[in-house]
Amino acid sequence: MRPAMAVRAGFLLAAAAWVWLSAVSASAIDDVPTADFDERFSPLFGDGNLVRSSDDRSVRLLLDRRSGSGFMSSDYYLHGFFSASIKLPKDYTAGVVVAFYLSNGDVYEKTHDELDFEFLGSRWGGQWRVQTNVYGNGSTSHGREERYLLPFDPTLEAHRYSVLWAPTHIIFYIDDTPIREVIRHPDIGGDFPAKPMAVYATIWDGSAWATEGGKYKVNYKYAPFASEFSDLAVVGPRADPVLRAPRRGGAGDQDQDLDLLGIMTADYAVMTPQKRAAMRAFRARHMTYTVCYDAVRYASGPFPECDNSDEERQTFSAWGESKTVVMRPRARGRRRGRKAGARGRAGVASS
């Protein structure tokens with residue numbers, strides 16, 4: 001089977017499962033109000049590589065030899081729901097990283113908090129991967145990474161990626177399906193993000209680590225690499241990042257800025273049995289790495305919030321770096337062949 005046909009067949013099978021997962025895990029995410037770019041965001045870096053649509057409802061971020069690009073929210077938020085529809089670059093994208101994340105690294109350089117979606121490019125015939133990270137109080141030395149294959153081709157159309165950040169738990173969503181839940185266990189301490197964060201979106205050169213541990217670099221022959229962000233949603237109480245207190249009196253306090261009670265009781269913050277079942281089904285099919293069962297990096301045992309799923313533990317030997325992420329065709333028995341400062345942190349943790 002040709003590489004393109006193999007990839008297409010895999011996507012079709014995964015897409016059928018994805019339709020079922022989305023149907024049983026509806027969370028009213030589509031009902032969350034979205035904003036014009038000017039309402040909530042400002043350019044971060046990249047100059048001409050950040051291209052806003054004529055209606056100000058979407059943004060294209062480009063990476064070329066000259067620069068990556070990015071934008072950030074105009075305010076910081078203390079908890080909330082943060083979402084964007086993202087279409088990823090197509091064709092050869094090894095070394096390319098597209099990120100949608102929350103951070104306060106510009107304010108707390110050594111003790112910053114962070115919640116990430118990081119999309120990791122691939123070679124020809126491969127698949128984009130998505131990595132989620134959770135850092136609290138500068139805990140990047142023992143980050144809580146997980147990685148997944150996507151159950152669809154993210155270069156054909158936009159899909160929605162969302163983070164619910166509450167005082168008690170965090171939920172990562174793809175479309176309407178939760179893919180990860182982090183409960184604030186008493187022993188998690190300062191590793192749980194607790195300081196106001198801003199929202200960021202970037203595309204940058206992650207050649208040092210993004211594709212097979214840095215084995216394959218960005219090839220600018222295929223530049224510019226273009227990612228598209230739309231349906232930008234930021235719902236939460238705005239906060240002063242230094243005082244760590246709600247900020248009052250500005251525009252928007254009475255429309256999209258919900259109080260904490262409103263966030264905690266919204267559909268996207270509540271994990272029903274149906275949504276949890278959909279999450280476990282997604283993880284069983286698509287997760288390629290979780291820190292929860294990495295006995296090499298953490299010989300003393302899993303983090304306190306890990307749910308120690310027997311099913312996940314039994315399949316761990318098929319994950320990690322041992323699972324083939326790039327689909328390689330066979331021929332006759334042989335394989336064929338941010339700008340760092342602008343991102344807010346250098347050296348993204350990766351296994």
Side-chain angles (χ1 to χ4, degrees), residues 15 18-19 21-23 25-44 46 49-62 69-75 77 79-90 97-103 115-119 128 130 132 148 150-165 170-180 197-203 225-238 251-252 255-258 262-263 266-269 275 278 282:
W18 186 247
V19 170
L21 285 173
S22 298
S25 62
S27 56
I29 288 177
D30 287 340
D31 295 333
V32 175
T34 59
D36 289 346
F37 184 85
D38 262 346
E39 287 182 59
R40 297 280 168 163
F41 299 94
S42 302
L44 180 61
N49 279 1
L50 186 153
V51 182
R52 293 159 61 172
S53 64
S54 58
D55 62 1
D56 210 34
R57 301 292 293 181
S58 63
V59 181
R60 295 181 77 224
L61 297 182
L62 306 177
S69 53
F71 62 88
M72 68 177 292
S73 61
S74 303
D75 292 292
Y77 297 86
H79 307 116
F81 182 80
F82 311 93
S83 182
S85 291
I86 305 171
K87 184 179 178 182
L88 296 175
K90 61 182 179 179
V97 179
V98 175
F100 178 65
Y101 64 107
L102 284 74
S103 178
L115 294 171
D116 294 341
F117 272 111
E118 289 179 320
F119 303 91
W128 278 86
V130 59
T132 60
Y148 327 84
L150 289 166
F152 45 74
D153 185 340
T155 72
L156 295 179
E157 60 183 3
H159 287 264
R160 197 157 186 177
Y161 305 88
S162 310
V163 179
L164 176 280
W165 171 38
I170 297 160
I171 304 174
F172 292 88
Y173 285 92
I174 297 180
D175 293 327
D176 280 331
T177 299
I179 66 166
R180 183 180 186 183
M197 293 190 281
V199 185
Y200 294 81
T202 57
I203 184 170
F225 303 98
S227 58
E228 300 180 13
F229 288 75
S230 58
D231 300 325
L232 300 169
V234 176
V235 180
R238 295 178 304 145
D255 48 42
Q256 282 188 294
D257 288 350
L258 299 181
I263 293 167
D267 288 341
Y268 48 67
K275 287 165 68 175
F282 174 91

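Numbering of residues begins at 1 and proceeds along the displayed sequence. Because only heavy atoms are used, hydrogens play no part in the values below, and waters and symmetry mates are left out as well, while side chains stay in.
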- prompt: Mind checking whether Arg40 and Leu232 have side chains closer than 4.5 Å, heavy atoms only?
  reply: no

message: Here's a test for you: under side-chain contact (heavy atoms from CB on, under 4.5 Å), which of Leu61, Leu62, Thr202 qualifies with Ser227?
response: Leu61

query: Which value, rounded to the nearest 0.5 Å, describes the distance between Ile179 atom CD1 and Ile171 atom CD1?
result: 11.5 Å

- prompt: Any side-chain heavy atom of Ile263 sitting closer than 4.5 Å to one from Pro237?
  reply: yes

- request: Would you please test Val235 and Tyr268 for side-chain contact (heavy atoms from CB on, under 4.5 Å) and show each step?
  value: CA-CA 11 Å; Val235 180; Tyr268 48 67; 3.9 Å; yes

field: Pairwise side-chain contact, Phe100 with Val199, heavy-atom cut-off 4.5 Å (strictly under)
entry: yes

- request: Kindly indicate, with the supporting measurements, whether the criterion side-chain contact (heavy atoms from CB on, under 4.5 Å) is fulfilled by Val130 and Phe172.
  value: CA-CA 11 Å; Val130 59; Phe172 292 88; over 6 Å; no

From Lys87 atom NZ to Leu156 atom CG, the distance as rounded to the nearest 0.5 Å: 7.5 Å

message: Once salt bridge (Lys or Arg N to Asp or Glu O under 4.0 Å) is applied, do any residues pair with Arg52, and if so which ones, sequence neighbours excluded?
response: Asp38, Asp56

statement: In short, Met197 meets Leu115 closest at the heavy-atom pair CE-CD1, 3.9 Å

- request: Compare every heavy atom of Ala201 with every heavy atom of Phe229, then report the nearest pair and how far apart it is.
  value: CE2-CB, 3.6 Å

- prompt: Any side-chain heavy atom of Pro154 within less than 4.5 Å of one from Ile86?
  reply: no

task: Using the test side-chain hydrogen bond (donor to acceptor under 3.5 Å, both in side chains), find all partners of Thr155 that sit at least two apart in sequence or belong to another chain.
output: Asp153

query: What residues, two or more places apart in sequence or in another chain, satisfy salt bridge (Lys or Arg N to Asp or Glu O under 4.0 Å) together with Asp231?
result: none

query: Between Thr132 and Tyr148, is any side-chain donor less than 3.5 angstrom from a side-chain acceptor?
result: yes

query: Going from CD on Glu228 to CD on Glu157, what distance comes out if it is rounded to the nearest 0.5 angstrom?
result: 12.0 Å

task: Consider only side-chain N and O atoms of Ser53 and Asp55, and report whether a donor and an acceptor are under 3.5 Å apart.
output: yes

field: Shortest non-hydrogen contact between Lys275 and Asp267, atoms and distance
entry: NZ-O, 2.8 Å

message: Do Pro178 and Phe282 have side chains that approach each other closer than 4.5 Å (heavy atoms only, starting at C-beta)?
response: no

task: Please tell me if the side chains of Phe152 and Asp175 come closer than 4.5 Å, counting only heavy atoms from C-beta onward.
output: yes

field: Results of side-chain hydrogen bond (donor to acceptor under 3.5 Å, both in side chains) for Tyr161 - residues two or more places apart only
entry: none

message: Restricting to non-hydrogen atoms, name the atom on Ser69 and the atom on Asn49 that form the minimum distance, rounded to 0.1 Å.
response: OG-O, 3.1 Å

query: Who pairs with Ser230 by side-chain hydrogen bond (donor to acceptor under 3.5 Å, both in side chains), at least two apart in sequence or on another chain?
result: none

- line: In this structure, OG of Ser58 is separated from CZ of Phe37 (nearest 0.5 Å) by 10.5 Å

- request: Under the side-chain hydrogen bond (donor to acceptor under 3.5 Å, both in side chains) rule, collect the residues that match up with Ser83, sequence neighbours excluded.
  value: Arg160, Ser162

field: Single hit among Phe82, Trp165, Tyr200, Phe119 for ring pair (Phe, Tyr, Trp, His ring centres under 6.0 Å) with Tyr101
entry: Tyr200

query: Taking side chain as C-beta onward, heavy atoms only, is Pro89 less than 4.5 Å from Ile203?
result: yes

Verdict with reasoning, Val234 to Phe41, per side-chain contact (heavy atoms from CB on, under 4.5 Å): CA-CA 10 Å; Val234 176; Phe41 299 94; 3.6 Å; yes

